Amino acid sequence: MPADMPPEDFRRAADEITAWIADYLAAPGRFPVLPNVKPGSLTAAIPPEAPLSGEPMDAIWRDFQSLILPASTLWNHPRFFSFFAVSSSGPGILAEYLIAALNMNGMLWRASPAVTELEQVTLSWLRQWLGLPDTFFGMMHDTASISTMHAILAARHRADPETRTRGARPGLVIYTSAHAHSSVEKGALALGIGKDYVRLIAVDNRYRMDAGELARTIAADKAAGLRPFCAVAAIGTTATTAIDPVPEIASVCEREGLWLHVDAAYGGPLAILPECAHYLEGAARADSFVTNPHKWLFTPVDLSAFYTRHPEVLRDALSLVPEYLRTSEPDAVNYMDYGVALGRRFRALKLWFVMRYFGREGIEGRIRAHLKLTADLLSRIEADTRFEVCAPAPMGLICFRLRGPDERTRALLDTVHATGQAFLSHNVLDGRFVIRWSIGNIHTTQADIDATWDLIRSAAPQSD
Ligand SMILES: *Cc1c(COP(=O)(O)O)cnc(C)c1O
(Lines give C-alpha, C1' and ligand atoms only; values in the text may rest on other atoms or scores of the structure.)
Protein backbone atom coordinates (compact mmCIF):
# COMPACT_ATOMS: atom_id res chain seq x y z
CA MET A 1 0.00 0.00 0.00
CA PRO A 2 1.64 3.32 -1.00
CA ALA A 3 1.73 6.08 1.61
CA ASP A 4 -0.03 8.50 -0.71
CA MET A 5 -3.28 7.82 -2.55
CA PRO A 6 -2.88 4.71 -4.74
CA PRO A 7 -2.08 5.77 -8.31
CA GLU A 8 -5.14 3.99 -9.77
CA ASP A 9 -7.42 5.81 -7.30
CA PHE A 10 -5.75 9.07 -8.19
CA ARG A 11 -6.27 8.46 -11.89
CA ARG A 12 -9.95 7.62 -11.42
CA ALA A 13 -10.66 10.65 -9.20
CA ALA A 14 -8.63 12.95 -11.46
CA ASP A 15 -10.56 11.80 -14.53
CA GLU A 16 -13.85 12.40 -12.78
CA ILE A 17 -12.84 15.85 -11.50
CA THR A 18 -11.36 16.82 -14.86
CA ALA A 19 -14.61 15.83 -16.59
CA TRP A 20 -16.55 17.87 -14.06
CA ILE A 21 -14.30 20.92 -14.63
CA ALA A 22 -14.64 20.59 -18.39
CA ASP A 23 -18.45 20.47 -18.07
CA TYR A 24 -18.37 23.39 -15.67
CA LEU A 25 -16.25 25.54 -17.99
CA ALA A 26 -18.49 24.64 -20.92
CA ALA A 27 -21.39 26.26 -19.07
CA PRO A 28 -20.03 28.33 -16.17
CA GLY A 29 -23.42 30.01 -15.77
CA ARG A 30 -25.29 26.84 -14.87
CA PHE A 31 -24.98 27.34 -11.10
CA PRO A 32 -26.26 30.53 -9.42
CA VAL A 33 -23.57 33.20 -9.16
CA LEU A 34 -24.64 34.03 -5.59
CA PRO A 35 -25.24 31.24 -3.07
CA ASN A 36 -28.50 31.27 -1.16
CA VAL A 37 -26.98 30.75 2.30
CA LYS A 38 -26.86 32.45 5.69
CA PRO A 39 -23.64 33.03 7.65
CA GLY A 40 -22.74 29.82 9.48
CA SER A 41 -24.92 27.48 7.43
CA LEU A 42 -21.99 25.72 5.78
CA THR A 43 -20.20 25.43 9.11
CA ALA A 44 -23.29 23.81 10.59
CA ALA A 45 -23.40 21.27 7.76
CA ILE A 46 -19.81 20.10 8.29
CA PRO A 47 -18.72 17.98 11.28
CA PRO A 48 -17.01 20.17 13.89
CA GLU A 49 -14.12 17.73 14.17
CA ALA A 50 -11.89 16.23 11.51
CA PRO A 51 -12.37 12.50 10.77
CA LEU A 52 -10.40 9.94 12.75
CA SER A 53 -10.30 7.41 9.93
CA GLY A 54 -9.71 8.37 6.33
CA GLU A 55 -12.70 8.71 4.06
CA PRO A 56 -13.08 7.59 0.45
CA MET A 57 -12.49 10.20 -2.21
CA ASP A 58 -16.03 9.60 -3.47
CA ALA A 59 -17.50 10.89 -0.21
CA ILE A 60 -15.30 13.97 -0.20
CA TRP A 61 -16.14 14.69 -3.83
CA ARG A 62 -19.88 14.23 -3.20
CA ASP A 63 -19.72 16.72 -0.32
CA PHE A 64 -17.82 19.20 -2.47
CA GLN A 65 -20.77 19.18 -4.86
CA SER A 66 -23.58 19.07 -2.31
CA LEU A 67 -22.13 21.33 0.43
CA ILE A 68 -19.24 23.48 -0.79
CA LEU A 69 -20.50 24.47 -4.21
CA PRO A 70 -23.91 25.68 -3.00
CA ALA A 71 -22.11 27.91 -0.47
CA SER A 72 -19.81 29.39 -3.09
CA THR A 73 -19.95 32.74 -4.86
CA LEU A 74 -18.82 31.84 -8.35
CA TRP A 75 -16.21 34.27 -9.63
CA ASN A 76 -15.97 32.41 -12.93
CA HIS A 77 -19.69 32.99 -13.55
CA PRO A 78 -20.35 35.08 -16.69
CA ARG A 79 -22.64 37.37 -14.65
CA PHE A 80 -20.14 38.00 -11.90
CA PHE A 81 -19.92 41.80 -12.20
CA SER A 82 -18.94 42.54 -8.62
CA PHE A 83 -15.76 44.05 -7.13
CA PHE A 84 -13.52 43.65 -10.15
CA ALA A 85 -14.77 40.93 -12.46
CA VAL A 86 -11.87 38.51 -12.74
CA SER A 87 -11.68 34.98 -14.04
CA SER A 88 -9.35 32.09 -14.40
CA SER A 89 -9.01 30.33 -17.75
CA GLY A 90 -8.37 26.85 -19.08
CA PRO A 91 -4.60 27.16 -19.43
CA GLY A 92 -4.29 28.81 -16.01
CA ILE A 93 -6.33 26.03 -14.39
CA LEU A 94 -4.18 23.34 -15.98
CA ALA A 95 -1.01 25.05 -14.79
CA GLU A 96 -2.39 25.29 -11.26
CA TYR A 97 -2.91 21.51 -11.30
CA LEU A 98 0.70 20.90 -12.33
CA ILE A 99 2.00 23.40 -9.77
CA ALA A 100 0.39 21.35 -6.99
CA ALA A 101 1.62 18.08 -8.48
CA LEU A 102 5.26 19.19 -8.53
CA ASN A 103 4.96 21.15 -5.27
CA MET A 104 8.17 23.08 -5.74
CA ASN A 105 9.14 25.82 -3.33
CA GLY A 106 11.42 28.30 -5.10
CA MET A 107 12.90 30.06 -2.07
CA LEU A 108 16.21 30.34 -3.89
CA TRP A 109 17.44 29.42 -7.35
CA ARG A 110 18.87 26.09 -6.23
CA ALA A 111 15.59 25.13 -4.56
CA SER A 112 14.20 24.84 -8.10
CA PRO A 113 15.82 26.72 -10.98
CA ALA A 114 12.61 26.59 -13.05
CA VAL A 115 10.65 28.54 -10.43
CA THR A 116 13.11 31.43 -10.37
CA GLU A 117 13.91 31.54 -14.06
CA LEU A 118 10.34 31.22 -15.34
CA GLU A 119 9.35 34.00 -12.94
CA GLN A 120 12.03 36.21 -14.44
CA VAL A 121 11.11 35.29 -18.01
CA THR A 122 7.33 35.69 -17.71
CA LEU A 123 7.67 38.98 -15.86
CA SER A 124 10.04 40.19 -18.55
CA TRP A 125 7.47 39.18 -21.22
CA LEU A 126 4.72 41.00 -19.34
CA ARG A 127 6.93 44.04 -18.83
CA GLN A 128 7.50 44.22 -22.59
CA TRP A 129 3.76 43.92 -23.31
CA LEU A 130 3.15 46.79 -20.90
CA GLY A 131 5.88 48.94 -22.46
CA LEU A 132 7.82 49.27 -19.21
CA PRO A 133 11.61 49.75 -19.22
CA ASP A 134 14.00 46.79 -19.04
CA THR A 135 15.58 48.29 -15.93
CA PHE A 136 12.53 47.01 -14.03
CA PHE A 137 13.27 43.93 -11.93
CA GLY A 138 10.23 41.72 -11.55
CA MET A 139 9.06 39.44 -8.79
CA MET A 140 5.77 37.80 -7.95
CA HIS A 141 3.72 38.10 -4.79
CA ASP A 142 0.35 36.69 -3.85
CA THR A 143 -1.54 39.98 -3.88
CA ALA A 144 -1.15 43.64 -4.79
CA SER A 145 -1.44 44.43 -1.09
CA ILE A 146 1.79 42.55 -0.42
CA SER A 147 3.47 43.99 -3.52
CA THR A 148 2.62 47.51 -2.37
CA MET A 149 3.81 46.77 1.15
CA HIS A 150 7.19 45.79 -0.33
CA ALA A 151 7.25 49.05 -2.32
CA ILE A 152 6.69 51.04 0.85
CA LEU A 153 9.29 48.95 2.66
CA ALA A 154 11.87 49.68 -0.05
CA ALA A 155 10.96 53.37 -0.05
CA ARG A 156 11.38 53.50 3.71
CA HIS A 157 14.75 51.74 3.55
CA ARG A 158 16.02 54.17 0.93
CA ALA A 159 14.90 57.14 3.03
CA ASP A 160 16.15 55.73 6.33
CA PRO A 161 18.53 52.75 5.95
CA GLU A 162 19.13 52.74 9.69
CA THR A 163 15.63 51.33 10.12
CA ARG A 164 17.25 47.96 9.58
CA THR A 165 19.25 48.30 12.79
CA ARG A 166 17.39 50.82 14.92
CA GLY A 167 13.81 50.06 13.91
CA ALA A 168 11.18 52.38 12.51
CA ARG A 169 11.30 55.99 13.64
CA PRO A 170 8.41 58.43 13.36
CA GLY A 171 8.40 61.36 11.00
CA LEU A 172 8.40 59.63 7.61
CA VAL A 173 5.31 60.59 5.61
CA ILE A 174 3.60 58.71 2.77
CA TYR A 175 1.15 60.22 0.25
CA THR A 176 -1.64 58.68 -1.75
CA SER A 177 -5.04 59.80 -2.97
CA ALA A 178 -8.26 59.83 -1.04
CA HIS A 179 -9.43 57.21 -3.55
CA ALA A 180 -6.39 54.94 -3.16
CA HIS A 181 -6.92 51.30 -2.31
CA SER A 182 -6.86 50.56 1.41
CA SER A 183 -3.79 48.37 0.85
CA VAL A 184 -1.63 51.51 0.74
CA GLU A 185 -2.66 52.59 4.22
CA LYS A 186 -2.54 49.01 5.46
CA GLY A 187 1.00 48.57 4.16
CA ALA A 188 1.98 51.73 6.01
CA LEU A 189 0.33 50.43 9.17
CA ALA A 190 2.08 47.07 8.92
CA LEU A 191 5.46 48.79 8.52
CA GLY A 192 5.00 51.02 11.53
CA ILE A 193 4.67 54.27 9.56
CA GLY A 194 1.56 55.17 11.54
CA LYS A 195 -1.82 56.48 10.43
CA ASP A 196 -0.93 60.06 11.37
CA TYR A 197 1.77 59.93 8.71
CA VAL A 198 -0.42 58.76 5.83
CA ARG A 199 -1.70 61.73 3.79
CA LEU A 200 -4.79 61.14 1.65
CA ILE A 201 -4.55 63.78 -1.07
CA ALA A 202 -7.79 65.23 -2.45
CA VAL A 203 -9.05 64.15 -5.85
CA ASP A 204 -10.34 66.35 -8.67
CA ASN A 205 -13.83 66.18 -10.18
CA ARG A 206 -12.80 63.06 -12.12
CA TYR A 207 -11.52 61.34 -8.96
CA ARG A 208 -7.83 61.73 -9.91
CA MET A 209 -5.21 62.73 -7.38
CA ASP A 210 -4.64 66.49 -7.38
CA ALA A 211 -0.90 66.77 -8.07
CA GLY A 212 -0.82 70.43 -7.01
CA GLU A 213 -2.30 69.48 -3.66
CA LEU A 214 0.32 66.73 -3.37
CA ALA A 215 3.14 69.25 -3.90
CA ARG A 216 1.62 71.69 -1.38
CA THR A 217 1.15 68.98 1.26
CA ILE A 218 4.73 67.76 0.85
CA ALA A 219 6.00 71.34 1.22
CA ALA A 220 3.94 71.89 4.36
CA ASP A 221 5.19 68.63 5.89
CA LYS A 222 8.80 69.51 5.12
CA ALA A 223 8.31 72.94 6.68
CA ALA A 224 6.98 71.18 9.79
CA GLY A 225 10.17 69.10 10.04
CA LEU A 226 8.66 65.85 8.75
CA ARG A 227 10.27 63.62 6.11
CA PRO A 228 8.16 62.84 3.04
CA PHE A 229 9.45 59.55 1.59
CA CYS A 230 6.90 57.87 -0.67
CA ALA A 231 3.90 58.53 -2.91
CA VAL A 232 1.54 55.94 -4.35
CA ALA A 233 -0.40 56.79 -7.51
CA ALA A 234 -3.12 54.62 -9.01
CA ILE A 235 -3.76 53.75 -12.63
CA GLY A 236 -7.32 52.50 -12.24
CA THR A 237 -8.61 53.24 -8.75
CA THR A 238 -10.83 50.67 -7.12
CA ALA A 239 -13.72 53.09 -6.65
CA THR A 240 -14.02 54.40 -10.22
CA THR A 241 -10.93 53.24 -12.23
CA ALA A 242 -9.69 56.84 -12.28
CA ILE A 243 -6.19 57.36 -13.60
CA ASP A 244 -4.03 59.59 -11.41
CA PRO A 245 -1.87 62.10 -13.34
CA VAL A 246 1.27 59.96 -13.02
CA PRO A 247 3.59 62.19 -15.12
CA GLU A 248 2.83 65.20 -12.88
CA ILE A 249 3.10 63.10 -9.73
CA ALA A 250 6.41 61.65 -10.99
CA SER A 251 7.77 65.19 -11.46
CA VAL A 252 6.82 66.09 -7.89
CA CYS A 253 8.46 62.90 -6.58
CA GLU A 254 11.64 63.44 -8.61
CA ARG A 255 11.91 67.05 -7.39
CA GLU A 256 11.26 66.17 -3.75
CA GLY A 257 13.18 62.90 -3.66
CA LEU A 258 10.18 60.64 -2.96
CA TRP A 259 9.86 57.01 -4.03
CA LEU A 260 7.00 56.71 -6.52
CA HIS A 261 4.98 53.49 -6.49
CA VAL A 262 2.31 52.99 -9.15
CA ASP A 263 -0.65 50.78 -8.28
CA ALA A 264 -2.10 49.39 -11.50
CA ALA A 265 -3.36 46.22 -9.82
CA TYR A 266 -6.54 46.19 -11.89
CA GLY A 267 -5.88 48.55 -14.79
CA GLY A 268 -2.35 47.49 -15.79
CA PRO A 269 -3.23 44.76 -18.32
CA LEU A 270 -5.23 47.29 -20.32
CA ALA A 271 -1.93 48.78 -21.52
CA ILE A 272 -1.27 45.59 -23.49
CA LEU A 273 -3.67 47.08 -26.07
CA PRO A 274 -1.79 49.56 -28.27
CA GLU A 275 -4.77 51.93 -28.15
CA CYS A 276 -4.61 51.92 -24.32
CA ALA A 277 -0.81 52.07 -23.91
CA HIS A 278 -1.11 55.76 -22.97
CA TYR A 279 -2.88 54.71 -19.76
CA LEU A 280 0.55 53.85 -18.35
CA GLU A 281 2.01 57.24 -19.27
CA GLY A 282 4.59 58.16 -16.66
CA ALA A 283 4.73 54.68 -15.13
CA ALA A 284 8.21 54.15 -16.59
CA ARG A 285 9.41 56.91 -14.25
CA ALA A 286 8.14 55.08 -11.16
CA ASP A 287 10.47 53.44 -8.67
CA SER A 288 8.08 50.50 -8.41
CA PHE A 289 4.92 49.26 -10.09
CA VAL A 290 2.34 46.58 -9.46
CA THR A 291 -0.25 44.88 -11.62
CA ASN A 292 -2.26 41.73 -10.94
CA PRO A 293 -2.49 39.10 -13.69
CA HIS A 294 -5.11 37.50 -11.45
CA LYS A 295 -7.38 40.45 -12.13
CA TRP A 296 -7.67 41.19 -15.85
CA LEU A 297 -5.22 38.66 -17.28
CA PHE A 298 -7.23 35.45 -16.91
CA THR A 299 -4.79 33.91 -14.42
CA PRO A 300 -6.17 32.05 -11.39
CA VAL A 301 -5.88 33.81 -8.05
CA ASP A 302 -3.22 34.43 -6.80
CA LEU A 303 -0.59 36.22 -8.88
CA SER A 304 0.58 39.79 -8.42
CA ALA A 305 3.41 41.12 -10.59
CA PHE A 306 5.69 43.55 -8.77
CA TYR A 307 8.42 45.54 -10.48
CA THR A 308 11.10 47.84 -9.14
CA ARG A 309 14.10 49.59 -10.63
CA HIS A 310 15.92 49.31 -7.29
CA PRO A 311 15.96 45.63 -6.32
CA GLU A 312 19.19 46.21 -4.39
CA VAL A 313 17.27 48.41 -1.95
CA LEU A 314 14.92 45.56 -1.12
CA ARG A 315 17.86 43.19 -0.74
CA ASP A 316 19.67 45.62 1.58
CA ALA A 317 16.51 45.99 3.63
CA LEU A 318 15.61 42.30 3.92
CA SER A 319 18.40 39.90 3.11
CA LEU A 320 19.29 37.58 5.97
CA VAL A 321 20.87 34.36 4.79
CA PRO A 322 21.30 31.56 7.30
CA GLU A 323 24.10 29.10 6.56
CA TYR A 324 21.80 26.31 5.40
CA LEU A 325 20.46 28.60 2.67
CA ARG A 326 23.85 29.74 1.36
CA THR A 327 24.51 28.60 -2.19
CA SER A 328 27.37 28.71 -4.61
CA GLU A 329 25.64 30.34 -7.58
CA PRO A 330 26.62 33.99 -7.21
CA ASP A 331 24.89 34.98 -10.47
CA ALA A 332 21.51 33.51 -9.66
CA VAL A 333 18.71 35.58 -8.21
CA ASN A 334 17.51 34.16 -4.92
CA TYR A 335 14.07 35.70 -4.55
CA MET A 336 14.02 35.10 -0.80
CA ASP A 337 16.50 38.01 -0.53
CA TYR A 338 14.01 40.48 -2.03
CA GLY A 339 10.89 39.87 -0.02
CA VAL A 340 9.49 38.99 3.36
CA ALA A 341 8.39 35.48 2.39
CA LEU A 342 10.88 32.64 2.22
CA GLY A 343 8.60 30.15 0.46
CA ARG A 344 7.58 30.79 -3.13
CA ARG A 345 4.86 29.07 -5.13
CA PHE A 346 5.49 28.28 -8.79
CA ARG A 347 3.05 31.00 -9.82
CA ALA A 348 5.01 31.77 -12.97
CA LEU A 349 3.80 28.55 -14.60
CA LYS A 350 0.24 29.93 -14.63
CA LEU A 351 1.29 33.14 -16.35
CA TRP A 352 3.46 31.25 -18.82
CA PHE A 353 0.58 28.95 -19.79
CA VAL A 354 -1.86 31.88 -20.10
CA MET A 355 0.47 34.14 -22.11
CA ARG A 356 1.47 31.35 -24.49
CA TYR A 357 -1.97 29.85 -24.94
CA PHE A 358 -3.77 33.10 -25.79
CA GLY A 359 -0.80 35.05 -27.12
CA ARG A 360 -0.74 38.80 -27.08
CA GLU A 361 -3.37 38.97 -29.82
CA GLY A 362 -5.73 36.66 -27.97
CA ILE A 363 -5.44 38.64 -24.77
CA GLU A 364 -5.83 41.96 -26.57
CA GLY A 365 -8.94 40.68 -28.33
CA ARG A 366 -10.56 39.56 -25.09
CA ILE A 367 -9.81 42.77 -23.20
CA ARG A 368 -10.93 44.83 -26.20
CA ALA A 369 -14.22 42.93 -26.26
CA HIS A 370 -14.72 43.80 -22.58
CA LEU A 371 -14.09 47.47 -23.32
CA LYS A 372 -16.67 47.36 -26.10
CA LEU A 373 -19.25 45.65 -23.87
CA THR A 374 -18.60 48.37 -21.29
CA ALA A 375 -18.89 51.25 -23.78
CA ASP A 376 -22.12 49.90 -25.26
CA LEU A 377 -23.63 49.35 -21.84
CA LEU A 378 -22.57 52.84 -20.76
CA SER A 379 -24.50 54.44 -23.63
CA ARG A 380 -27.56 52.37 -22.81
CA ILE A 381 -27.46 53.46 -19.16
CA GLU A 382 -26.95 57.07 -20.21
CA ALA A 383 -29.95 56.85 -22.55
CA ASP A 384 -32.30 55.74 -19.77
CA THR A 385 -33.32 58.96 -18.00
CA ARG A 386 -34.16 57.12 -14.75
CA PHE A 387 -30.44 56.52 -14.24
CA GLU A 388 -27.34 58.66 -13.89
CA VAL A 389 -23.76 57.62 -14.53
CA CYS A 390 -21.63 58.86 -11.61
CA ALA A 391 -18.03 58.73 -12.85
CA PRO A 392 -16.06 58.53 -16.10
CA ALA A 393 -15.61 54.91 -17.20
CA PRO A 394 -12.19 54.66 -18.87
CA MET A 395 -11.78 50.93 -18.15
CA GLY A 396 -14.26 48.10 -17.50
CA LEU A 397 -16.23 49.61 -14.63
CA ILE A 398 -19.44 51.65 -14.65
CA CYS A 399 -20.66 53.48 -11.53
CA PHE A 400 -24.32 54.44 -11.80
CA ARG A 401 -27.44 54.98 -9.73
CA LEU A 402 -31.12 55.72 -9.96
CA ARG A 403 -31.81 59.44 -9.74
CA GLY A 404 -33.28 60.44 -6.41
CA PRO A 405 -32.72 59.20 -2.87
CA ASP A 406 -30.20 56.41 -2.17
CA GLU A 407 -32.90 54.03 -0.94
CA ARG A 408 -34.15 53.52 -4.48
CA THR A 409 -30.76 52.33 -5.74
CA ARG A 410 -30.22 50.19 -2.66
CA ALA A 411 -33.60 48.52 -3.15
CA LEU A 412 -32.89 47.99 -6.84
CA LEU A 413 -29.60 46.25 -6.10
CA ASP A 414 -31.25 44.06 -3.45
CA THR A 415 -33.95 43.05 -5.94
CA VAL A 416 -31.38 42.11 -8.56
CA HIS A 417 -29.33 40.07 -6.09
CA ALA A 418 -32.42 38.30 -4.77
CA THR A 419 -32.87 36.74 -8.22
CA GLY A 420 -29.41 35.15 -7.90
CA GLN A 421 -28.90 35.83 -11.61
CA ALA A 422 -26.20 38.49 -11.46
CA PHE A 423 -23.83 39.83 -8.83
CA LEU A 424 -22.86 43.51 -8.77
CA SER A 425 -21.29 45.60 -6.02
CA HIS A 426 -21.87 49.04 -4.60
CA ASN A 427 -19.94 51.97 -3.26
CA VAL A 428 -20.56 55.38 -1.77
CA LEU A 429 -19.23 58.07 -4.07
CA ASP A 430 -19.42 61.73 -2.98
CA GLY A 431 -21.82 60.64 -0.27
CA ARG A 432 -24.17 58.90 -2.69
CA PHE A 433 -24.91 55.19 -3.02
CA VAL A 434 -23.85 53.87 -6.45
CA ILE A 435 -23.89 50.49 -8.17
CA ARG A 436 -20.54 49.28 -9.49
CA TRP A 437 -20.83 47.12 -12.61
CA SER A 438 -17.48 45.58 -13.52
CA ILE A 439 -16.96 43.81 -16.85
CA GLY A 440 -13.83 41.71 -17.34
CA ASN A 441 -14.77 38.07 -16.95
CA ILE A 442 -13.54 35.84 -19.76
CA HIS A 443 -16.94 34.09 -19.97
CA THR A 444 -19.10 37.24 -20.17
CA THR A 445 -20.94 37.72 -23.47
CA GLN A 446 -23.27 40.35 -24.89
CA ALA A 447 -26.18 38.11 -23.89
CA ASP A 448 -25.12 38.26 -20.22
CA ILE A 449 -24.97 42.05 -20.33
CA ASP A 450 -28.33 42.26 -22.11
CA ALA A 451 -30.07 39.93 -19.67
CA THR A 452 -28.65 41.75 -16.65
CA TRP A 453 -29.51 45.19 -18.01
CA ASP A 454 -33.05 43.96 -18.74
CA LEU A 455 -33.27 42.65 -15.19
CA ILE A 456 -32.14 46.02 -13.78
CA ARG A 457 -34.44 48.02 -16.04
CA SER A 458 -37.49 45.99 -15.19
CA ALA A 459 -36.70 46.08 -11.47
CA ALA A 460 -36.31 49.87 -11.57
CA PRO A 461 -39.33 52.12 -10.96
CA GLN A 462 -41.04 52.72 -14.29
CA SER A 463 -40.87 56.52 -14.07
CA ASP A 464 -40.56 59.37 -11.58
C1 LIG B 1 -7.62 44.94 -6.27
C2 LIG B 1 -6.75 46.11 -5.99
C3 LIG B 1 -5.81 46.08 -4.94
C4 LIG B 1 -5.70 44.92 -3.99
O5 LIG B 1 -5.36 43.77 -4.63
P6 LIG B 1 -5.06 42.42 -3.83
O7 LIG B 1 -4.30 41.63 -4.83
O8 LIG B 1 -6.39 41.84 -3.52
O9 LIG B 1 -4.29 42.77 -2.62
C10 LIG B 1 -5.00 47.17 -4.78
N11 LIG B 1 -5.10 48.25 -5.57
C12 LIG B 1 -5.99 48.32 -6.58
C13 LIG B 1 -6.05 49.53 -7.42
C14 LIG B 1 -6.85 47.26 -6.81
O15 LIG B 1 -7.73 47.32 -7.81
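Note that the structure is predicted; figures quoted are calculated from it, not measured. Indexing begins at 1, ligand by ligand and atom by atom, following the structure's order.
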> Are Glu213 and Arg216 close enough for a salt bridge, meaning some N to O gap below 4.0 Å?
Replying inline: yes
> Do any nitrogen or oxygen atoms of Asp142 come within less than 3.5 Å of a nitrogen or oxygen of ligand 1?
Replying inline: no
> Parallel, tilted or perpendicular: which describes the rings of Tyr266 and Phe84, with under 30° parallel and over 60° perpendicular?
Replying inline: parallel
> Do Ser183 and ligand 1 have an N or O pair less than 3.5 Å apart?
Replying inline: no
> For ligand 1, which atoms, with element, lie under 4.0 Å from some heavy atom of His294?
Replying inline: 7 (O)
> Which bit of Ile146 is near ligand 1, meaning a heavy atom under 4.0 Å away: side chain, backbone, both or neither?
Replying inline: neither
> Side chains of His141 and Ser304: is there a donor and an acceptor less than 3.5 Å apart?
Replying inline: no
> Does some non-hydrogen atom of Ser304 fall short of 4.0 Å from ligand 1?
Replying inline: no
> On the ring face of Phe136, is Arg127 found with NZ or CZ under 6.0 Å from the centre and within 45° of the axis?
Replying inline: no
> Please walk me through it: do Tyr175 and Asp221 pass side chain to side chain donor-acceptor pair (under 3.5 Å)?
Replying inline: CA-CA 11 Å; Tyr175 304 80; Asp221 283 334; 2.7 Å; yes
>> A cation-pi test, strictly: NZ or CZ of Arg380 under 6.0 Å from the centre of the six-membered ring of Phe387 and no more than 45 degrees from its axis. Yes or no?
In response: no
> Where is the nearest protein heavy atom to atom 9 (O) of ligand 1: which residue, which atom, and how far?
Replying inline: Ser145 OG, 2.5 Å
> Which protein heavy atom lies closest to atom 11 (N) of ligand 1, and at what distance to 0.1 Å?
Replying inline: Asp263 OD2, 2.6 Å
>> If I apply the N/O under 3.5 Å rule, does Ala265 come out as touching ligand 1?
In response: no
>> Counting only heavy atoms closer than 4.0 Å, does ligand 1 sit against the backbone of Ala144, its side chain, both, or neither?
In response: both
>> Give me the residue, atom name and distance of the protein heavy atom closest to atom 2 (C) of ligand 1.
In response: Lys295 NZ, 2.3 Å
Please tabulate, for side-chain N and O atoms in residues 96-104, each donor-acceptor pair with protein atoms closer than 3.5 Å (sequence neighbours left out).
unit_1, atom_1, unit_2, atom_2, d
Glu96, OE1, Lys350, NZ, 3.0
Glu96, OE2, Arg345, NH2, 2.9

> Which atoms of ligand 1 sit under 4.0 Å from any heavy atom of Phe84?
Replying inline: 15 (O)
>> Can you list everything that forms a ring-ring contact (aromatic ring centres under 6.0 Å, His included) with Tyr307? Sequence neighbours excluded, please.
In response: none
> Relative to the heavy atoms of Gly236, which atoms of ligand 1 are at a distance of less than 4.0 Å?
Replying inline: 13 (C)
> Any heavy atom of Thr238 sitting closer than 4.0 Å to ligand 1?
Replying inline: yes
>> If you take the centroid of each ring, where Trp contributes its six-membered ring, are Phe353 and Phe298 closer together than 6.0 Å?
In response: no
